[in-house]
Amino acid sequence: MSITAAKRYRLIRQIEPYLFLAPALVVIGLIFAFPIVRLITLSFQRPFQGQMLFVGLTNYQAIFRDEVFLRAVRNNLTLLISVPIMVFVALILAIFLFDRIRGWQFYRTTLFLPYLLPITVVGLIFSYIFQLSGVLNDFLKVIGLERFILDWLGSTRLALPTLMFVIVWKEVGFGIVLFLARLMSVEEELFDAAKIDGANWWKLQWHITLPQLATTIEFFTIVSIITILSWVFGYVYVMTGGGPGNATMVTELFIYLTGFRYNQMNIASAVSVILLLVTGIFIFLELRLRERSVTLEEVS
Amino acid sequence: MNKTRFFLILLTLVSLLAACAQPATPPPAEPQQPAATEAPAQPAEAEPVKLVMWWWGEQEAPGAQQWLDETIAEYQKLHRNVTIEAVLQSTDSLIPAFQSAAAAQQGPDIQYFWGGVWTLEFAWNGALVPLDDLIPAEERAHYINNFERTYDGKLWGMGWYLSGNPMVYNPTLFEKAGIDLNDLPDTWDELIAACDKLNAIGVTPISGGLKDGWFGGWLFSILGRQNLDSEKDFMKASIGEAKFTDPAYAEWWERLHQLKEAKCWNADINSVDYQQGQDQFVQGKSAMIFGNDTFLKGWAEIIGWDNMGVMRVPKYGSGKLADTYVVTAQGLGITSWSQHKQEAADFLMFMHTPDRLNAWFKYTGVLPADDRFDTAQIDQPILKQIFEWVVQSAGPNLENFIPSMLDEQANFTGTQLLFAGEKTPAELAQLTEDVIQKWREQNPDQLQNFVNWYSK
């Protein structure tokens with residue numbers, strides 16, 4: 001083999017992996033990277049007299065002065081309260097189901113069912129339930145609890161908690177199934193040994209169930225945070241439209257309205273970049289957790 | 001492969017893709033004049049033409065779908081080479097879907113638009129072509145409410161049908177409450193007195209639904225006009241030459257608040273949407289609505305013409321607009337990317353042929369936006385009354401002359417806050433002014449278009 005041929009061979013060997021990677025990179029570039037680059041570019045521009053002008057941080061400054069955007073951020077943060085509620089409710093129900101209470105298989109299906117329903121359907125149904133002349137208030141009237149009749153969706157004070165209730169109702173099923181799946185993979189001997197050692201129900205949960213579920217709880221918590229930050233558009237759009245008076249405005253809806261109703265794609269892009277960054281942090285955390293749980297499993 | 005190399009390759013690919021993409025420069029803001037197209041007397045036989053039309057209207061003019069299907073079938077019979085596909089859009093998707101189409105410069109040949117700014121925003125961003133070179137002036141002159149779609153001396157869309165806002169009442173409930181049908185409330189005090197009488201017999205005086213926001217915009221257009229003289233006054237405040245906190249602009253919030261305090265409205269107004277609010281009237285649960293005349297025929301089919309009447313919105317103000325009947329022409333435009341602009345224009349003209357105009361009224365009970373319509377067809381007294389108002393005292397729909405952000409963040413949101421008891425009328429006037437200031441700051445380009453529109 002001559003020197004030139006050897007060089008060529010070495011060069012081909014060096015390029016080869018990139019050629020194999022190229023199709024995947026093109027797909028990744030088209031689907032993920034290109035839209036993100038465009039989004040970021042748009043967020044630093046504004047249209048003026050037919051030109052897209054670079055305006056630096058102007059769009060970002062504008063949104064941080066925008067009361068509606070700040071309200072949307074506050075509402076997203078308030079909705080985060082539902083995350084510990086979801087984790088707690090899912091955990092309790094998963095533990096009861098794992099204890100194989102009578103009819104547990106039926107309950108498991110029933111509790112998971114809301115998670116399978118389309119958000120639009122859930123939103124519409126709960127809209128009819130919670131409106132002032134809706135099913136819930138009619139029921140309260142029938143059973144003589146008139147003083148609890150409230151304008152669940154029409155009041156600026158109640159609309160967000162009502163929305164939060166619906167989100168918890170729908171999303172908790174996912175947590176239950178996750179926790180239950182993890183518990184079912186825990187070796188029975190662990191529980192049996194603890195019982196022989198005289199551990200009561202509380203101690204079993206505290207010393208075995210919770211530690212075994214730790215990584216799953218972390219995973220569910222982070223997924224729920226991401227859901228609340230960037231996946232509640234459907235609920236809000238169908239149930240309240242962000243009202244009354246922006247009481248349920250969330251960042252996603254703000255992006256939609258700004259981009260598609262007010263024709264301000266650049267400002268909508270700036271908000272999207274911020275949302276992307278925030279959710280990106282949580283996605284990164286989630287990936288790190290997954291890595292850690294894989295490592296832990298390998299060690300154990 | 002190390003991470004740096006991988007990253008560099010990814011970056012190169014992305015840069016290449018970005019370079020291949022369209023430049024981040026939109027079409028010129030100044031509307032482009034299309035090259036004049038020869039108007040074929042008969043479209044060419046050989047070349048097949050497909051027109052796509054995205055429309056809306058069945059929602060507010062039931063029967064429109066049937067009419068459109070028939071119109072397309074008849075047109076296709078006359079023009080064998082033309083196929084027309086009509087896609088009905090939902091209320092919420094009408095604008096977003098077209099915005100996406102405009103960004104991609106791909107989509108329908110004919111698009112439905114509400115009047116005024118809803119049409120012109122797309123003329124300003126180059127998504128529409130003017131009709132002046134596609135439809136003869138003599139034909140265009142027959143279309144009603146062209147002023148809503150005229151910018152820079154050009155017509156950017158064609159009115160299709162008229163949509164007005166009467167106050168609709170239930171005569172049976174009025175009589176039961178002791179309201180004289182021959183002396184209907186025509187001042188604000190009389191309206192409030194009527195509310196008292198209706199409340200006394202346990203009937204909700206007026207129903208509406210604010211949950212989805214749209215009705216807030218209607219209230220602005222119907223009530224907010226009464227102290228002012230023309231739509232230009234609202235454009236003036238939008239561009240900063242007047243303030244929405246000025247008493248003439250702000251009083252409507254106070255008047256709406258008075259109606260709320262007098263318990264004129266359904267208690268669940270904030271938790272039901274627009275349609276549900278209107279339905280309460282049809283179900284006999286409320287005595288009045290700020291209605292839409294396009295729905296009258298549909299309601300009559302449910303409750304009968306005898307069980308409803310129409311009246312003008314009672315007055316509180318003394319501006320010229322206080323005496324006008326809100327009317328807008330819902331319309332259609334031709335997109336700048338259409339390959340068949342002249343054929344699209346030909347179809348639009350076909351929609352305005354006498355036979356089609358008369359058929360439109362027959363199917364929908366809604367007045368077409370064309371003065372060639374045979375008015376002898378209007379035999380129903382309520383519709384005759386509407387026609388009379390349209391002819392004698394038509395006035396603009398103000399939502400068409402303000403930025404959509406103002407409508408949404410001030411009118412939609414403000415009315416919800418008022419009924420939730422969260423803000424006073426003065427605070428809501430200030431909210432309106434704050435929103436328009438924000439709009440001006442965030443949209444120098446749109447502001448310039450508004451200034452041009454206002455000054456021309």
Side-chain angles (χ1 to χ4, degrees), chain A residues 17-18 21-22 25-26 28-30 33-34 36-38 41-42 45-52 58-59 62-63 65-68 127 130-134 137 151-157 159 237 239-247 249 256-267, chain B residues 1 5-6 9-11 13-18 21 23-30 92 95-96 99-100 103 121 125-126 210-213 266-273 276 403-405 408-409 412-414 416-423 434-435 438-439 441-446 448:
Chain A
Y18 301 113
L21 279 173
L25 288 178
V26 169
I28 291 169
L30 265 176
F34 174 63
I36 291 172
V37 171
R38 284 284 289 142
T41 313
L42 278 173
Q45 293 176 328
R46 260 196 198 176
F48 191 73
Q49 295 186 343
Q51 298 291 318
M52 273 296 182
T58 309
N59 292 330
I63 56 174
R65 283 197 302 270
D66 190 328
E67 269 303 315
V68 183
S127 294
F130 283 121
Q131 65 193 32
L132 187 64
S133 47
N137 285 342
D151 197 355
W152 304 99
L153 292 174
S155 147
T156 49
R157 200 168 40 84
Y237 189 77
M239 287 183 66
T240 63
N246 294 324
M249 178 63 67
Y256 167 77
L257 292 174
T258 308
F260 291 106
R261 288 259 183 95
Y262 318 149
N263 224 351
Q264 294 180 288
M265 222 29 110
N266 303 87
I267 289 189
Chain B
M1 185 184 336
R5 274 192 198 171
F6 178 84
I9 290 177
L10 193 61
L11 195 69
L13 280 168
V14 171
S15 309
L16 278 172
L17 282 168
T25 309
E30 196 62 26
D92 284 338
I95 303 165
Q99 272 181 341
S100 303
E121 272 190 359
N125 73 11
L210 292 168
K211 193 180 88 171
D212 51 357
N266 48 321
D268 59 355
I269 187 167
N270 256 0
S271 71
V272 296
D273 59 29
Q276 288 175 300
S404 48
M405 181 199 268
E408 190 122 7
Q409 291 193 358
F412 291 17
T413 304
Q416 291 171 346
L417 288 168
L418 183 119
F419 280 96
E422 290 283 321
K423 298 257 185 208
D434 293 345
V435 172
K438 179 173 77 177
W439 174 80
E441 179 202 311
Q442 291 182 357
N443 297 277
D445 207 28
Q446 285 190 38
Q448 191 54 52

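Reminder, nothing fancy here: chain letters follow the sequence lines and each chain counts from 1. Worth knowing before you read on, the calculation uses all heavy atoms, side chains too, and leaves out hydrogens, waters and symmetry mates.
- The CG atom of A/L257 sits 5.0 Å away from atom CD of B/E408, with the distance rounded to the nearest 0.5 Å.
- Using a 4.5 Å cut-off between heavy atoms, A/Y237 touches chain B through its side chain atoms alone.
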From CA spacing to verdict: side-chain contact (heavy atoms from CB on, under 4.5 Å), B/D445, A/R46
CA-CA 9 Å; B/D445 207 28; A/R46 260 196 198 176; over 6 Å; no
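- Within the 4.5 angstrom heavy-atom criterion, atoms from both the backbone and the side chain of B/E441 approach chain A.
- When heavy atoms are compared at a cutoff of 4.5 Å, A/R65 approaches chain B solely by way of its side chain, counted from C-beta outward.
- With a 4.5 Å cut-off on non-hydrogen atoms, A/T240 touches chain B through its backbone but not through its side chain.
- By the salt bridge (charged side-chain N to carboxylate O under 4.0 Å, His left out) test, B/D434 pairs with no residue at all, sequence neighbours left out.
- Taking CD of B/Q276 as the start and OG of A/S133 as the end, the distance is 7.5 Å to the nearest 0.5 Å.
- With hydrogens and angles ignored, the 3.5 Å screen pairs no side-chain donor or acceptor of B/S271 with any backbone N or O of A/D151.
- Residue B/P403: no heavy atom, backbone or side chain, is found under 4.5 Å from chain A.
- Of the listed residues A/T58, A/V68, A/I36, A/L132, the one with more heavy-atom pairs under 4.5 angstrom with chain B than any other is A/L132.
- Contact annotation: the side chain of A/M249 never approaches that of B/T413 to less than 4.5 Å [non-hydrogen atoms, C-beta and beyond].
- Here the shortest heavy-atom pairing between B/Q416 and A/P244 reads OE1-CA, 3.3 Å.
- Residues B/E121 and A/N263 approach most closely at OE1-ND2, 3.5 Å, considering heavy atoms.
- Residue with the most contacts toward chain A among B/V435, B/N270, B/L210: B/N270 (heavy-atom pairs, distance under 4.5 Å).
- At a 4.5 Å heavy-atom cutoff, the contact between B/K438 and chain A is made by side-chain atoms alone.
- Between the CZ atom in A/R261 and the CE atom in B/M405 there is a gap of 13.0 Å [rounded to 0.5 Å].
- Contact count against chain B (heavy-atom pairs under 4.5 Å) is highest for A/D66 among A/I267, A/N59, A/D66.
- Both the backbone and the side chain of B/Q442 come within less than 4.5 Å of a heavy atom in chain A.
- In terms of heavy-atom proximity, A/G154 sits nearest to B/A420 at O-CB, 4.3 Å.
- Under the ring-ring contact (aromatic ring centres under 6.0 Å, His included) criterion, A/Y262 pairs with no residue at all, not counting sequence neighbours.
- For the atom pair CG (A/N266) and CG (B/N443), the distance works out to 9.5 Å, reported to the nearest 0.5 Å.
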